[in-house]
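Encoded as structure tokens, the structure appears first; notes follow it.
Worth knowing before you read on, the calculation uses all heavy atoms, side chains too, and leaves out hydrogens, waters and symmetry mates. For ligands, and for the atoms within them, numbers begin at 1 and follow the listed sequence.
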Amino acid sequence: MALVSADSHRHHDPGMLSVEEALERILGHFQALEPEEKPILDAQGQTLAENVTSSLDVPPWPNSAMDGYAVRAQDVAHAGPESPVVLNVIGTVAAGQSPRGSVGPGTAIRIMTGAPVPPGANAVVPFEQTDEIQRRVEGRGLDHIGVLTAAPAGANVRPAGEDIRRGEVALRRGAVLRPAEIGVLAALGRRTVRVVRRPVVGVLSTGDELLRPGRPLKAGKIYDANSYSVAAAVARYGGIPKPLGIARDNLPDLHRKLDHALAADMLITSAGVSKGDYDIVKEALVQRGRVSFWSVRMRPGKPVAFGTLAAPDGRQVPHMGLPGNPVSALVVFELFSRPAILKMLGRISWEKPSVEAALEGPIRNSDGRRVYARVQVTRRDGRYHAQPAGPQGSNILTSLARCNGLAICPEEVPHLEAGQPVRVLMLDWPEEVQGYCG
Ligand code: AMP
Ligand code: MG
């Protein structure tokens, strides 16, 4: 007797790919792009394509960590508030100056923060630990200074090479350039740096119903949201979007638009990939290379196309066909296109941060796919809470706009209820996207 479970969760299409399988297949077509030399400030977010070896010590010479007096530690070893050691002040050195003279026995040089410590001196006594103020008040002049405390050798002196030594690898190949790394490059005197270049990503919408924003609305038409959301997502993750406009649902127009994609490193189209769709997209792609249409066991976003287009220069340009519904398009982008862009950028990890949160409303999973539910995560009482961000239809783009994370309901779980713990893939952190409205 055949035991057929009524549970639809057991009945997923065996031809469906898991999210992980689809990602693995896709990433197999991408590799880090070639390096380029760029001004350091233009390279933020890019990956270092060289080991950055320092040609100098940073700091280049010992310098003062305080405003005070450069002294010989041995001269002030017995100084105290009741027994000041009086030194002969032979000069002043400010940041940017080179000290004139050296500190011999019984002498000191007035020194500012960042100024080179003069030869002979091995410690700096801060102003507050001298009688400088008292001398000023009494109008005594500063040709002598009383030191009120002992300073061990090295006190308030930053040694040469304390941060970076000459010959040392200061930044390694593969590092992602953030403000701190860009600062390190500048501190080394570098004006340009070798980084993995950014991928150019062609973005094409398809559909007879689409209108470019700014045009008057006509019967039966809708504005093209995906060209813009996808191009913004490409830019957000470090790619250079190349908008290709809208291809109509006919072969000549599609081919014309695809021609413009062949100079890119990757093409992302949206719509025209679902079963029973007007199959123009499929036909055009098949004529130009290889393409497979996948059902990925996820919601939103089941239909996904992936293939390659043959470029005239012999390259195979990877193509990702996102679903047409605007939420599906962006969620599929997050899961598959974003990692591909990051891999081309030379990154070796592309996992989004995730948190465990207490769910504040139900998530339904009707057909055994992995559900990515739009939720707004907040932190209260030391815990994360995930509030479903409104209707979850794959056409409801505003609920994506109202969310900061995607709560995951696994394939085999038919529903999650309020109060249950849930894993949330964070798209943003709350503090990153809070605006001021006054
Ligand atoms: P399709 O995959 O062509 O069947 O499209 C699925 C749904 O997404 C349809 O309702 C389309 O009108 C809609 N859609 C497709 N492309 C876009 C787009 N660029 N912007 C907004 N909605 C779109
Ligand atoms: Mg369509």
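- In the model, His29 has no side-chain atom that pairs as donor or acceptor with a side-chain atom of Thr308 under 3.5 Å.
- Residue contacts with ligand 1 for Leu210 involve side-chain atoms from C-beta outward but no N, CA, C or O (heavy atoms, distance under 4.0 Å).
- A 6.0 Å sphere centred on CG of Leu217 holds more than 12 heavy atoms belonging to other residues, nucleotides or ligands.
- At a 4.0 Å heavy-atom cut-off, ligand 1 touches Ser205 through the side chain alone.
- Ion pairing between a basic and an acidic side chain is recognised when a charged N comes within 4.0 Å of a carboxylate O; Arg158 and Asp163 show no such pairing.
- Below 4.0 Å from some heavy atom of Glu209 lie the following atoms of ligand 1, by number and element: 11 (C), 12 (O), 15 (C).
- Remark: ligand 1 atoms within the under-4.0 Å shell around heavy atoms of Asp224 are 18 (C), 19 (N), 20 (N).
- Geometric assessment of Arg25 against the ring of Trp294 yields a positive cation-pi assignment under the 6.0 Å and 45° thresholds.
- Pairs of residues two or more places apart, or lying in two chains, that qualify as side chain to side chain donor-acceptor pair (under 3.5 Å) and include a residue from residues 322-332 are Asn325-Ser394.
- Under a 4.0 angstrom heavy-atom cut-off, Pro326 registers as being in contact with ligand 1.
- The aromatic rings of Phe127 and Tyr69 sit perpendicular to each other, their planes meeting at more than 60°, with 30° as the lower class boundary.
- Distances from atom 22 (N) of ligand 1 to the heavy atoms of Leu211, Ile222, Asp208, Asn325 show the closest one on Ile222.
- Distances from atom 3 (O) of ligand 1 to the heavy atoms of Gly324, Gly272, Ser227 show the closest one on Gly272.
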